[in-house]
Amino acid sequence: MKTTTKIKEMIEGQFEIMGRYVFRNKYYFLIISLLLTALFASQIPKIILDASTLGFYHKDDPTRLTYEAFQEQFGMDEVVVISVSPPNIYDLGFLRKLKSFHEELEEKVPHLDEVKSLINVTSTWGDENKLVVEELMKDFPENELMLKEKIKLIRETPLYNDLIISANEKNTAILVRSVAFSQTETKDFDDSFDNEFDEGKVDDNNTHIALSNEDNAAFLQMINEIAEKYNSANFPIDITGSPAIIDTVRHHLQTDTPRFTLGCLMVIAILLLLIFKRVSGVIFPLFVVLFSMTSTLGIMAFFAAPITSVTQILPGFILVVGVCDSIHILALFYSRIDIGQNKEDAIAFTFKHSGLAILMTSLTTAGGLMSFIPAKMLAITNLGIYAPVGVIFALFYTLVLLPALLAVTPIKIKKNSKNAEKKFSLDRVMLTMGRVSVKYPWRIIIVTMVLTVLVVIGMNKLIFSHNHLAWLPDNEPVKIATCKIDKAMNGSITAEFIIDTKQKNGLYQPEVMNKLAAVNKMAEKYRKDDLFVGKSISIVDTLQNTHKALNENKMEFYSVPKEQKLIAQELFLFESGGTDDLERLVDSQFSKARITMKLPWHDANQSVSVMAELETKVKHIIGDLAKVTQTGRIALFTKTIDNVIQTMTRSYIISGIFISLMMIILIGNLKNGLVVMIPNFLPIMFGMGLMGYLGYRLDMSTVLCGSLAIGLVVDDTIHFMHTYQRYFQKSGDVSYSVEQTILTTGRALLVTTLVLTTGFSVYITAYMKNIKTMGAVCAFIMASALLADIMLVPAIMKLISREKKDFGILENKDGV
Amino acid sequence: MKNTILIMILSFIGLILITNNAFSNQDNLTAYNVVKSMDDLNDGDTATSNTLMVLMDKHKNKRVRKIKNIRKDYGKDTKGLIFFLSPADVRNTTYMSFDWDDEDKEDDSWLYLPALKKIKRIASSDKSGSFMGSDFTYSDINGMEIEDWKYKFKKKSKMINGFDTWVIEGKPIKDKKNKVINETGYIKTNLWIRKDNFMLIKGKYWVKKGKKIKYLKAEGIKKIDNIWTATKLSMITTKKGKILHSSYLKISNIDYNSKIKDSVFTTRKMERGL
């Protein structure tokens, strides 16, 4: 103990020296801070925003490589589904309007790959003498007789059911597919023309740059604009599909997050003004936050680490850390100024008193978050790198910029607080709470235990979930459209499987085709709870349709031909018919086929088990004939969410262990260190319990807000314990030490909690439900953390500490 | 399928003999005259040839097909046969096409699938579709109706591989635009035509569907039986400067103006094979 105390005293002494040094060289440190921030700020224009699911993965991750290979082979898997539900689909006037709508989409939508609808879907049919392979409405029906023929074709083509037209013929879908990769003009062949043609010399100049958010937004915006133009009572349009849903969520996240972060900052500023009653008390913490954010983002830009949906938590995180660090300095500094100390002494005292605690909180938080670095997912690894970088920057600017700013700014002594011993009313409330805690430790422990039991019950109600649609309010058009289209067309999103026979023309084998037909049958019968596969499509549908067409369109021939040669010839015929449909279904070597399963929108968490089950079933059916790989955006997304939640949960456990070790080192006692971790874990458990009772779901954004919670909760406890120990080692009296801690650090803890709780409460008014949840839970956790430190820690200390003597401090209101 | 497949292949093969005196002063030619001269090149009354078709995807995976072509002109009408020699899976698959000059009369074509042992009449008005899964369309192979296009010189002289060429830009005539797009899929073309023999040696085609651009190159141009013939044809499909796929045709054993019996162009011949 004595050695630990000596070391602590030595470090505190160094902090005091540092405080004086910064004060005396204030301009030097101001310039250093400004230059450093300007340097990092210069990098910010290079920052990459990557909201794609692929952005979560390391570049060599097999999941990413498989998906990229899939997209390069078959194009974008997910489509925007536009459903039109007119009074009568088979009305010539309606079809004319549909054609016009289709053509305008083809003409105007940027980053477009293809539009498929009743207008251009491939029609393969035949009678005794004739075989036709062409776009369904290539010869647009101009009269009722022609229309009748088209209706007959539509009704005789099972492939169209629930894909282009609903079973009840009340809805028809237009499927709009964007290109998979960015298409910046990279080469004009006019000049290099002559070298490009020689056989085998075709350059592979295709690169994999996913469409940017702006590209996707432009793609969807134009679809919406055109749809708006055509939307009418007789031509009612609904739009869904995962690109539309994800873009809507992204749009609201991008507008909500900055708006509410700004709101949160403003509320924090107002509160700081009310509490400190000084402009410097508002501006300086915000400077620390701003400088830390700028520097962190600059570093990220320099190392080309993108802002993803995981790392976008960083501004909020740095806000919490920066504000907390600053408040701990300012609260003490102002109180010293108010009792008449000069600025240099006040800074030196503050540094001596709180410097080590701030260092320890920073190191603990940074170290805890570094447990994310070994994560498999790049986005989480980046959080593990750049969140600690942000913490260190916040520490740096708190210890360098803040005192320099204080040094160069005139700070007035507040008349109404000349007597530093005069505590403001909240101090009294906290003191009372501390006293009650020390006086009735067992009662506090029992109440805590009862609350913990209740919390555990609440935690059991928690549901792991990740559902973009659930984040949106119920009146959001895309949410309403998704429900309608899912009901009418049996689904709106797709899952993909790749069947690789590993041999050229392997798909010509009748066994393989039969297995593909069996997969379709299995899938279309599949149901788990309320989730089902509405449609399963692969090359076998095209084959069966062609076979039927070659056999006078008789439904009994909607089957797989028995001979390999016939399969090859029928597919050859289809390909020669002028359609490029096969490019979407098989590779050029006929060795790989794609199976697309259409499902209704559902929770990603539900997807995990469903996709796993479907994969097992597909593998079972295909057997040794081919390798089965699951891919596609939904599978990738599901896997990502599952990975993020699992990885982060695991990382939190590791960081919990790390923080416990740090706490043990700080306290210098194994038992006490471990016991003190209880008030650290409890607020987080309280937050989770509250979520359980309120029916909130544990999704990626709430799991991410755990990093904020850890930062704050641990900081509170470290600050409390650091000061408590200082007094306890001197006095050996728990009550005295608790009271002194509350009177010094307690005020800073209260201020940080008040400021951040109120700040995060601003998010409760957000548009997106997940942001509301995050705001509410963070605010609740922060309030609980203070309560735990003020009420539970003293009770625990009272029970586990060996006191030297009783100072009778509880009777001494002024606390000596 | 309103395809006239035989004619298609062979009209490409047989691009033509032109008398050097056809136009004594080339400077006075209009862009349309140049294209018309190219279109009017002699391709023989009959032709037979073998074609090696190589289709390449963006990963450079190849598919190779061997074809035997037979064509015979009947005045302005043309009959043609295509026998697939390989790969084994499609061997003896046969297409037959009758291309009628009369625009009101729909072209006829038939397909014989040996595994099905059936002949089917094929009906498709989509000439803008891919020809046999290649980058060539039926309209590339069959030739376009030049009267539907408006041509202008883009460059009066451009050296390509040592040959002086005209560079001519073609756009559909306003009131024929829909017809042209329907038949060819193109909204614009650039043609590089050799001045010495009116052979098309390079082409750039803007495709409406998918906003793709295709590039054509004709090589191995030589006189066979006194008929200018391109023996190597390549077509690359690109989008935003990136190659999507490419096709390469190598034509050999070309024989013009041999006697071909009318009985060749019958469904019985399709069934019997070569």
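- The distance from atom CG of A:Leu573 to atom OH of B:Tyr112, rounded to the nearest 0.5 Å, is 14.0 Å.
- A donor-acceptor pair is defined here as one N or O able to donate and one able to accept, closer than 3.5 Å; such a pair exists between the side chain of A:Gln589 and the backbone of B:Lys62.
- Between the side chains of A:Lys504 and B:Asn61, no donor-acceptor pair is found at a separation under 3.5 Å.
- Using a 4.5 Å cut-off between heavy atoms, B:Lys212 touches chain A through its side chain atoms alone.
- Within the model, atoms CG of A:Asp587 and NE2 of B:His59 stand 8.5 Å from one another, a figure rounded to the nearest 0.5 Å.
- Atom NZ of A:Lys148 is surrounded by 12 or fewer heavy atoms from other residues, nucleotides or ligands within 6.0 Å.
- Salt-bridge formation is not detected for the pair A:Glu570/B:Lys120: no Lys NZ or Arg NE/NH1/NH2 atom is positioned less than 4.0 Å from an Asp or Glu carboxylate oxygen.
- In this structure, NZ on B:Lys117 lies 9.5 Å from CG on A:Leu566, to the nearest 0.5 angstrom.
- A salt bridge is absent between A:Glu103 and B:Lys208; no separation between the charged side-chain nitrogens and carboxylate oxygens falls under 4.0 Å.
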Quick one, B:Lys239 with A:Val179, criterion side-chain contact (heavy atoms from CB on, under 4.5 Å). Give me CA distance, side-chain angles, the key distance, then yes/no. CA-CA 11 Å; B:Lys239 190 166 182 176; A:Val179 289; 4.0 Å; yes
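- For the atom pair NZ of B:Lys211 and NE2 of A:His111, the computed distance is 10.0 Å after rounding to the nearest 0.5 Å.
- By the 6.0 Å contact criterion, NZ on A:Lys150 is enclosed, its count of non-hydrogen atoms from other residues, nucleotides or ligands being greater than 12.
- Distance check: A:His547 NE2 to B:Leu116 CG gives 7.0 Å after rounding to the nearest 0.5 Å.
- Heavy-atom contacts from other residues, nucleotides or ligands closer than 6.0 Å to NZ of A:Lys152 number 12 or fewer.
- Across A:Leu550, A:Asn505, A:Ile567, the residue that shares the most heavy-atom pairs under 4.5 angstrom with chain B is A:Leu550.
- The part of A:Glu583 that comes within reach of chain B is its side chain, from C-beta onward, which places non-hydrogen atoms under 4.5 angstrom from that chain.
- Within a 6.0 Å sphere centred on NZ of B:Lys188, heavy atoms belonging to other residues, nucleotides or ligands number more than 12.
- For B:Leu111, the part lying near chain A is the side chain, with the backbone staying farther off; criterion is any non-hydrogen pair under 4.5 Å.
- With 3.5 Å as the limit, one finds a donor-acceptor pair spanning the side chains of B:Asn182 and A:Lys138.
- In this structure, chain A has heavy atoms under 4.5 Å from both the backbone and the side chain of B:Pro114.
- Of the possible donor and acceptor atoms, one in the side chain of A:Gln569 sits under 3.5 Å from a partner among the backbone N and O of B:Ala115.
- To the nearest 0.5 Å, the span separating OG on A:Ser588 from NZ on B:Lys60 amounts to 13.5 Å.
- Taking the side chain as every heavy atom from C-beta outward, B:Leu113 and A:Lys565 never approach each other to under 4.5 Å.
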